[in-house]
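Here is the structure we will look at, set down as structure tokens.
Hydrogens, waters and symmetry mates play no part in the numbers below; they use all other heavy atoms, side chains included.
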Amino acid sequence: EVQLQASGGGLVQAGGSLRLSCAVSGFTYVDYGIGWFRQAPGKEREGVSCISSSDGVTDYAHSVKGRFTISIDNAKNTVYLQMNSLKPEDTAVYYCAGIARPPLNYGLGYPIREYDYWGQGTQVTVSS
């Protein structure tokens, strides 16, 4: 059974940093894709970043490019989202989600409905 466990959220002032973690377990194959998504009150869930475990290829939303960095520690089966220069508009519940054997063109364009596995959310609040 695939399980994703997100953690690391919290309250931070604008300009501050947080690191989110997504502990991954249960994938049969080592080739999987993990995406980070966020949902603010009254808004649709949006993709923030994603990474492929096999080749480390990453993708970022325009709104976070240059501020957020996604990485994977395959030894620990954990995906990280380092968030720097946080802004109040980054406030949201952040979720990690996974798919097995992502396509070669895997990126944020991959349909959110196609993600098979979701972790619980972790709240990120950025005060101004």
Side-chain angles (χ1 to χ4, degrees):
E1 178 187 5
V2 174
Q3 292 187 335
L4 305 177
Q5 181 77 25
S7 62
L11 173 63
V12 64
Q13 288 188 331
S17 299
L18 282 173
R19 189 178 77 160
L20 305 183
S21 300
C22 179
V24 180
S25 64
F27 276 109
T28 302
Y29 301 97
V30 296
D31 181 18
Y32 55 86
I34 297 294
W36 282 101
F37 299 84
R38 66 187 181 186
Q39 189 165 20
K43 293 188 177 181
E44 291 188 355
R45 193 169 297 188
E46 63 174 352
V48 175
S49 184
C50 63
I51 189 167
S52 172
S53 70
S54 61
D55 55 17
V57 174
T58 61
D59 196 10
Y60 296 92
H62 178 75
S63 60
V64 307
K65 197 169 291 186
R67 299 189 297 123
F68 291 10
T69 303
I70 192 170
S71 62
I72 187 167
D73 185 334
N74 283 316
K76 295 183 178 180
N77 292 322
T78 301
V79 174
Y80 302 99
L81 185 68
Q82 178 66 44
M83 306 186 297
N84 298 329
S85 302
L86 283 162
K87 305 175 181 180
E89 50 263 44
D90 294 318
T91 295
V93 178
Y94 284 70
Y95 301 87
C96 58
I99 57 167
R101 290 185 287 180
L104 290 176
N105 62 347
Y106 175 66
L108 283 182
Y110 190 78
I112 188 171
R113 64 182 179 276
E114 298 293 329
Y115 280 84
D116 296 314
Y117 311 101
W118 288 84
Q120 87 293 356
T122 185
Q123 177 71 46
V124 172
T125 303
V126 184
S127 62
S128 57

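Taking all atoms of both residues into account, the shortest heavy-atom contact from Ser49 to Leu81 is CB-CD1, 4.1 Å. Counting all heavy atoms, side chain and backbone alike, Gly47 lies closest to Ala61 at O-CB, 3.5 Å.
A chain of hydrophobic side-chain contacts below 4.5 Å, direct or via other Ile, Leu, Val, Met, Phe, Trp or Tyr residues, connects Tyr106 to Ile112. Linking Ile, Leu, Val, Met, Phe, Trp and Tyr residues whenever their side-chain heavy atoms come within less than 4.5 Å leaves Ile99 and Val48 in two separate clusters. Note on Leu4 and Ile70: same hydrophobic cluster, where clusters join Ile, Leu, Val, Met, Phe, Trp and Tyr whose side-chain heavy atoms are under 4.5 Å apart, directly or indirectly. Clustering ILVMFWY residues whenever any of their side-chain heavy atoms sit less than 4.5 angstrom apart, transitively, puts Ile51 in a cluster other than the one holding Val57. At a threshold of 4.5 Å between side-chain heavy atoms, the hydrophobic network of Ile, Leu, Val, Met, Phe, Trp and Tyr places Val124 and Val79 in one connected group.
Listed by chain and residue number, Ser54, Asp55 satisfy the side-chain hydrogen bond (donor to acceptor under 3.5 Å, both in side chains) test with Ser52 (two or more places apart in sequence, or in another chain). With sequence neighbours left out, the ring-ring contact (aromatic ring centres under 6.0 Å, His included) criterion links Phe37 to Tyr115, Trp118. For Phe68, the ring-ring contact (aromatic ring centres under 6.0 Å, His included) test picks out no residue, with sequence neighbours left out.
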Without placing hydrogens or testing angles, list every side-chain donor-acceptor pair under 3.5 Å for residues 9-23, not counting sequence neighbours.
| from | atom 1 | to | atom 2 | distance (Å) |
| --- | --- | --- | --- | --- |
| Ser17 | OG | Asn84 | OD1 | 2.9 |

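In this structure, the side chains of Tyr60 and Thr69 come closer than 4.5 Å at one or more pairs of heavy atoms. Between Ser53 and Asn74, the closest side-chain pair of non-hydrogen atoms falls below 4.5 Å.
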Residue pair Ile34, Ile72: steps toward the side chain to side chain contact (heavy atoms under 4.5 Å, CB included) verdict: CA-CA 9 Å; Ile34 297 294; Ile72 187 167; 5.6 Å; no
Are Tyr117 and Tyr32 close enough, and set up right, to give a ring-ring contact (aromatic ring centres under 6.0 Å, His included), and what steps lead you there? CA-CA 11 Å; Tyr117 311 101; Tyr32 55 86; 10.0 Å; no
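Among pairs with a residue in residues 75-94, those fulfilling salt bridge (charged side-chain N to carboxylate O under 4.0 Å, His left out) read Arg38-Asp90, Arg67-Asp90, at least two apart in sequence or across chains. Under the salt bridge (charged side-chain N to carboxylate O under 4.0 Å, His left out) criterion, no residue pair touches residues 117-128, with sequence neighbours excluded. Applying the salt bridge (charged side-chain N to carboxylate O under 4.0 Å, His left out) test to every pair with at least one member in residues 100-116, sequence neighbours left out, gives no pairs at all. Applying the ring pair (Phe, Tyr, Trp, His ring centres under 6.0 Å) test to residues at least two apart or on different chains, none of the pairs has a partner in residues 70-102. Note on residues 35-80: no pairs pass disulfide bond (SG atoms under 2.5 Å apart), not counting sequence neighbours. Among residue pairs with one or both ends in residues 56-66, none qualify as salt bridge (charged side-chain N to carboxylate O under 4.0 Å, His left out); sequence neighbours excluded.
Clustering of Ile, Leu, Val, Met, Phe, Trp and Tyr side chains at separations under 4.5 Å leaves Val30 isolated, with no partner residue. Membership of an apolar cluster is not assigned to Leu104, as no side-chain contact below 4.5 Å to another ILVMFWY residue is traced.
Counting only distance, with no hydrogens or angles, the side chain of Gln5 and the backbone of Gly119 share no donor-acceptor pair below 3.5 Å.
Side-chain contact annotation: Gln123 with Thr125, donor-acceptor N/O pair under 3.5 Å present.
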